[in-house]
Every structure is written in structure tokens, then in C-alpha cells.
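Please read the structure below before turning to the comments.
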Amino acid sequence: MGMFSSKKGKEMPAISTASLPDIIFMLLFFFMVVTVLRDAELKVSVNTPSASELTKLEKKSLVNYIYVGRPMKKWQATYGTSPQIQLGDKFASVEEIPLFLENHKITVPEVQRPGITTSLKVDGTVTMGIVTDVKTALRKANQLKVNYSAKPKSD
Amino acid sequence: MARRKPPEINASSMADIAFLLLIFFLVTTTIVEDKGVLVRLPPWSDEPPENLKMNTRNVYSVLVNAENQLLVRGEPASLETLKENTKIFISNPQRLENMAEDPKKAIVSLRNDRGTNYETYLTVYNELKAAYNELRDEMANRRHGKDFEFLTRDQQRVIASELPLVISEAEPTNFGEEQ
């Protein structure tokens, strides 16, 4: 028994927490890499349909987003309940799409411009009328690479 | 003069600072889940398109009306069978008279109404694209023993040129748009 009680009375060594910040920083960097900054507050409700033939959008800087959906509750008093287009963080009309595309284009280096993709985030319940108008505006602005945003199908 | 040991910097609050940063990033970011159906729109031209005389056996026309119902080659159809029927039409395994002469000549024509639901439209488009992708996969498996996406660029190009993805979209009709 005596051999175990020899340490009695000595203080417990403090656990070193010096590596804790490193662990947390590692977590932090992980999250910084796998996430993107939330760029725009959604003013329209967008619940994209699901599809199986999906392509991943590769370079975030080459993507611009157009949202189409019904205005959220707090905006319904001003904008009604019929489907609306949202560019950036505000409501817009079809006529404003060319300028929006141009504003995005000048932020992209010239060599990468052919790779610019427009991501259409459209609510599933919206009718094709407004979507067709957006598509026509995109074609007129010669922005032909389009990605219909969709959720992966779970089957 | 006795040299004093330099005082140790207390690093215990460092973890708190890092936690704060971590939580900030968790709140302000979203996990990337940006996927979608990639399409290439046709360029805009002000002149109406030329009325190309297509052999009707090569055209697979799909119409979607404002009630989200399908009309495939003049007959009502359902979403469940669309993919299989499209695959049969394109590959035409039995060399039927009323189906595509050759996958290269086949054209899928999609037309919808301004009142069609976007969800239905995307599902139809997805099924048509899936038909082509499955045919490409089958051909890739026959020739190289692996799926299309694992082939080299050149192999992919050969197969894609033999099974070109042609989905032509006509100007939508306007019968049932919501006001």
C-alpha cells in the first residue's frame, strides 16, 4: 500500500490548455473554407425544386444570383403576393437585369468572363411566365450559361 | 544582478477569442450547397428562327400545359415514363420507323405555357437530361467499362458527339398565366 500513497500531498499537475486555441483555430479555418459568406438577405421565399442531374457551381466569384419567388410576409404589404425578382438585396424588374449582369461582369477579370454563370434560384410554385421573361432578358444580354438551382433528389 | 525569468503570457483567454471568431463565422455563413441543372440558352436573335423542315420521326416533342399536364408526340403522357420513353426514342433499339433514325439526328423539343409551374418544368427538363446522361453512361460502360464522368476528356468528347444533348425550347404559349 505504501508505494501508492507516496504521491499523496503533492499537487495535481495542471492540465495545459496551451494547445486549445490551436484546436479552435483549426475548426475556425475548416468552417471558413467550407462555407460562403451570406451575401444577400432573401426578400422572396425560395424553395427550389429537387432534381437528379445536378452540376456543382465551381467558382463562386464567377456566379451571379437571380432570385424569383413570392415576397416574404413582411414585404407583402408593399409588393403584393405575385412572384417578384430579387437582384442583389432588393426587388427589381426584368429591365434591371442587364445592368445587374454588367455590374457583376466588371468585377471579373477579362479572361474569366466566358465562364460567368447565372444561378437562377426560383421557387417551385412560381409559374413559367416570369421565368421566361428572365430567360429572355439573359439571352438578350448574351448571358447564356445558366444554372437552375435545385436540391438533390433523395430517392 | 539576478536575472529574472520573463513572465509567461497567459494564453487561456486565447481559446475564448478563437471561439468567438468561430461562432461569428458559423452565424454569418452558409454551407455551400449550390447545385443545379446546368443549361445553355440559345443566343437571342431578333429575326424569327428559320422554319427548318425536320423529319417528324426525329423530333420528340414534349408539351407542358398550364395544368402541368404532358403531351408527348401528340399523346398524353406521365412524368414517370418520360425518361424511359425518351431513351427508347433516342436510341431506337428496334429500328422502328417512327423513332429517331440516329441519335445524332434526334431532337427533343420542349414547349411549355407561361402558366406552367416552374417545378413541373424543371422536373421535365431534368428527366430529359437524365435520359441523355443515362444513355451516355450506358455507352461509356459498353466501350470503356466505366461511367461517363470517369472517362478522359477525349473519350467523353467522342461519346458526347455521338449522343449530342439537343433540347430545343420553343417560345412558350400563353394560355394560363396567373395574373
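If you're wondering where the values come from, they're calculated on a predicted model, not measured in any experiment. Convention: sequence-line order gives letters A, B, ...; per-chain numbering from 1.
Within the structure, side chain to side chain donor-acceptor pair (under 3.5 Å) contacts touching residues 98-112 of chain A (residues at least two apart or in different chains) are A/Asn64-A/His104.
At a threshold of 4.5 Å between side-chain heavy atoms, the hydrophobic network of Ile, Leu, Val, Met, Phe, Trp and Tyr places A/Val94 and A/Leu99 in two separate groups. B/Ile159 is not connected to B/Phe150 by any chain of hydrophobic side-chain contacts under 4.5 Å among Ile, Leu, Val, Met, Phe, Trp and Tyr, and they are in different clusters. There is no path of hydrophobic side-chain contacts, each under 4.5 Å, that joins A/Leu62 to A/Leu87. Cluster membership check: A/Trp75 shares its hydrophobic cluster with A/Leu42, using side-chain heavy-atom separations under 4.5 Å among Ile, Leu, Val, Met, Phe, Trp and Tyr. By the rule that hydrophobic residues join a cluster once side-chain heavy atoms approach within less than 4.5 Å of another member, A/Ile24 and A/Phe30 end up as members of one cluster.
Other residues, nucleotides and ligands place more than 12 heavy atoms under 6.0 Å from the NZ atom of A/Lys43. The number of heavy atoms from other shown groups lying within 6.0 Å of CZ (B/Arg153) does not exceed 12. In the displayed structure, A/Met26 atom CE is contacted under 6.0 Å by at most 12 heavy atoms of other residues, nucleotides or ligands.
The contact between B/Phe19 and chain A is made by backbone and side chain atoms together, counting heavy-atom distances below 4.5 Å. Heavy-atom distances place both the backbone and the side chain of B/Asn117 under 4.5 Å from chain A. Interface remark: A/Thr55 contributes backbone and side-chain atoms alike to the contact with chain B (heavy atom separation under 4.5 Å). For A/Ile23, no part sits under 4.5 Å from any heavy atom of chain B, backbone or side chain. Proximity to chain A involves both the backbone and the side chain of B/Pro43, based on heavy atoms less than 4.5 angstrom apart. Proximity to chain A is limited to the backbone of B/Asp113, based on heavy atoms less than 4.5 angstrom apart. Interface residue B/Leu38: backbone and side-chain heavy atoms are both found under 4.5 Å from chain A.
Rounded to the nearest 0.5 Å, atoms CZ (A/Phe25) and CD1 (B/Ile17) are 7.5 Å apart. Atom CG in A/Asn147 sits 11.5 Å away from atom NZ in B/Lys35 (nearest 0.5 Å). B/Leu20 contributes atom CG, which lies 10.5 Å from atom CG of A/Leu28 (distance to the nearest 0.5 angstrom). With values rounded to the nearest 0.5 angstrom, B/Tyr121 atom OH is found 13.5 Å from A/Thr127 atom OG1.
Within residues 113-120 of chain A, the residues having any heavy atom under 4.5 Å from a heavy atom of chain B are, by residue number, A/Thr117, A/Leu120.
Your options are A/Gln143, A/Lys135, A/Arg139, and the one with the most heavy-atom pairs under 4.5 Å with chain B is A/Arg139. With chain B as partner, the option from A/Leu57, A/Val122, A/Thr136, A/Asp22 having the largest number of non-hydrogen pairs under 4.5 angstrom is A/Val122. The candidate with the highest count of non-hydrogen atom pairs below 4.5 Å against chain B, out of A/Lys145, A/Lys140, A/Glu53, is A/Glu53.
Shortest non-hydrogen contact noted between A/Ala51 and B/Val37 is CB-CG2, 3.9 Å. Summarising the geometry of A/Val131 relative to B/Tyr118, their closest heavy-atom pair is CG2-CD1, 4.0 Å, with the distance given to 0.1 Å. Residues B/Leu122 and A/Ser149 approach most closely at CD2-O, 4.4 Å, considering heavy atoms. Taking both residues in full, the closest heavy atoms of B/Pro42 and A/Leu144 are given as O-CD2, 3.6 Å, listed atom of the first, atom of the second, then distance.
Between A/Asp133 and B/Arg114 the shortest side-chain heavy-atom distance falls below 4.5 Å. Using a 4.5 Å cut-off on side-chain heavy atoms (C-beta onward), B/Asn126 and A/Lys153 make contact.
Hydrophobic side-chain contacts under 4.5 Å tie B/Leu63 into a cluster, directly or through other members, with B/Leu71.
Among residues two or more places apart in sequence or in another chain, the ring-ring contact (aromatic ring centres under 6.0 Å, His included) test is passed with A/Phe100 by none.
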